[in-house]
Number of protein chains: 2
Amino acid sequence: MDSGSHNSISPTEENYLKAIFKITAGAGLASTNAIAQEMETSPASVSDMIKRLSRKHLIDYEKWKGVSLTKEGRILAITLIRRHRLWEVFLVEKLHFAWDEVHEIAEQLEHIASEKLIERLDEFLGTPKFDPHGDPIPDAEGIFAKRKQVLLSELNALETGVIVGVHEHSTAFLQYLDRMDLVLGAVLKVQEIFEYDGSMRIELENKTSLVLSSKVSQHLFVQRQKP
Amino acid sequence: MDSGSHNSISPTEENYLKAIFKITAGAGLASTNAIAQEMETSPASVSDMIKRLSRKHLIDYEKWKGVSLTKEGRILAITLIRRHRLWEVFLVEKLHFAWDEVHEIAEQLEHIASEKLIERLDEFLGTPKFDPHGDPIPDAEGIFAKRKQVLLSELNALETGVIVGVHEHSTAFLQYLDRMDLVLGAVLKVQEIFEYDGSMRIELENKTSLVLSSKVSQHLFVQRQKP
DNA sequence: AATAATTTTTAGATTTGTCTAAAAGTTAGA
DNA sequence: TCTAACTTTTAGACAAATCTAAAAATTATT
């Protein structure tokens, strides 16, 4: 009946594409088990869904091997990421949500199907390149902005950096950062690193001194600054 | 989490509630056939859905009689109307969509479930009382603003009115109005009424003179102005 | 009141997305 | 290499939402 691309795609199918994109980072293979874990569902359900997405030519699939996104599937996944991150910017900048509150809502908004809506939203927001968590927003052609970033844990003593992103998105982590004034754009200088547990003492611009566990410093992205 | 009720409600169920609200205008009975027509589906499907909505106590229902919204169902329907109309304001005022382009997109956006989102959006938009078509936006308590409006066709010769709403929402009608500069807020004076076909000649503020068919004047809401 | 026309409901099938349990295939260990 | 451990797929069921066809109930007509 239908020869190819223009079968409509359900929100559930879209979520699978996002999960596969996340696992494969755009290219490479995703296993049934990995997808099941990411989607919080059973491997059996994933097997079923793989057949459906394969039939729609959104993924390539051979039994017992993993799956990979087709060009079309990858474009769709990137579109979803674009929508999600643009909506997050809207929620934080225009509706004044906190950065730990926006994920769930953006998760719904990203499935609204209207190309014009997203292009208008992008324009309205001033074509932002990064979302409230510092993640890059792909442009309309699917290109992600790049940035020279390292984990805070990679800085040496006396180096200075600007917080540009988070590597973990849990509410607990984001709320912790808020409490510590560790927001995007904050400038910090590493004072000392404790060999014992890998924790580090840092100083903010307002001279506040904080000790951060290695877990924290391994989940914060910073841009090195010349001293 | 989200607002009050027990069982979660699907977008489809929400659309049925809206249809029933529209047919019954909030109170009264809706027939299976009328709902089927409004939803563009078969009476058999409506029968099934009636059972589901009844089980969830969103509608009252006795076999072979019509259907009416329960208090809970009515609140939900009004919430959906609130969401829909607020999103329409957003699309027109912030994203610069034309008033004939917004219905479909708002139809999707209205199903996003987050009370906080809607209250923030309302605030962001300045708590508008009417949507881009002049339809009233219920407040958070479900109260619709009222307004002394009449159909343009009810005006007599030499009376003056301000356009405050449309009684038909078709793209064709809205685009016709745009072309004629018959936008919300436009002030017009009835010059003469032709008995022959019920058409009327009106004059706009910029002295443009137009002849409107009775079909047009019967689908435009105006507020009378003292001369 | 009896029949015709209409409305509403039921019956049975289909699609999507899910589940559990079990079978089949692959990989790793002794 | 042969079995143990695992991953993946199939089989069979279920709920939501829909459909067509047919039966049941109501309303209208003569």
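First the proteins, then the strands, lettered A, B, ... as listed; each starts at 1.
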Inset, instruction - Report yes or no: is the cationic atom of A:K94 (NZ for Lys, CZ for Arg) under 6.0 Å from the centre of the six-membered ring of A:F124, at an angle within 45° of the ring normal? - result: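 Pair A:K94/A:F124 counts as cation-pi.
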Inset, instruction - Using a 4.0 Å heavy-atom cut-off, write out nucleotides 1-6 of chain C from 5' to 3' as B (base contacted by protein), S (sugar-phosphate only) or - (no contact). - result: ------
[N] phosphate, OP1 or OP2, under 4.0 Å from [X] side-chain N/O:
X     : N      : value
B:S47 : C:dT10 : no
A:K63 : C:dA24 : no
B:K51 : C:dT10 : yes

Let me know the distance between [atom1] of [X] and [atom2] of [N], rounded to the nearest Å.
X     : N      : atom1 : atom2 : result
B:I35 : C:dT8  : CD1   : P     : 9 Å
A:L53 : C:dT16 : CG    : C1'   : 12 Å
B:Y61 : C:dT7  : OH    : C1'   : 12 Å
A:L17 : C:dG17 : CG    : P     : 11 Å
A:Q37 : D:dC6  : CD    : C1'   : 14 Å

Inset, instruction - Establish, yes or no, whether a centroid distance under 6.0 Å links the rings of A:F90 and B:F90. - result: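 Yes: the rings meet the under 6.0 Å criterion.
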Legend entry - A:H103-A:H169 aromatic ring centre distance below 6.0 Å: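 No, the ring of A:H103 stays outside the 6.0 Å limit from the ring of A:H169, centre to centre.
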Can you pull every protein N or O that's under 3.5 Å from an N or O on nucleotides 16-23 of chain D?
unit_1	atom_1	unit_2	atom_2	d
D:dA17	OP1	B:S10	OG	2.4
D:dA17	OP2	B:R52	NE	3.0
D:dT18	OP2	B:Y16	OH	3.3
D:dT18	O4	B:D48	OD2	3.3
D:dC19	OP1	B:T41	OG1	3.3
D:dC19	OP2	B:T41	OG1	2.4
D:dC19	OP2	B:S42	N	3.4
D:dC19	OP2	B:S42	OG	3.3
D:dC19	OP2	B:S45	OG	2.4

Looking at [X] and [Y], does any basic side-chain N land under 4.0 Å from a carboxylate oxygen?
X      : Y      : result
A:E141 : A:R82  : no
A:K18  : A:E107 : yes
A:E101 : B:K116 : yes

Legend entry - Passing candidate, side chain to side chain contact (heavy atoms under 4.5 Å, CB included) with A:I137, options A:I81, A:L125, A:T127, A:L86: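 Answer after filtering A:I81, A:L125, A:T127, A:L86: A:L86.
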Inset, instruction - Please determine which of A:E14, A:R83, A:H84 meets the side chain to side chain donor-acceptor pair (under 3.5 Å) test together with A:H111. - result: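 Running side chain to side chain donor-acceptor pair (under 3.5 Å) over A:E14, A:R83, A:H84 with A:H111 returns exactly one hit, A:E14.
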Legend entry - Side chains of A:T70 and A:E72, donor plus acceptor under 3.5 Å: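 The criterion, which ignores hydrogens and geometry beyond distance, is not satisfied for A:E72 and A:T70.
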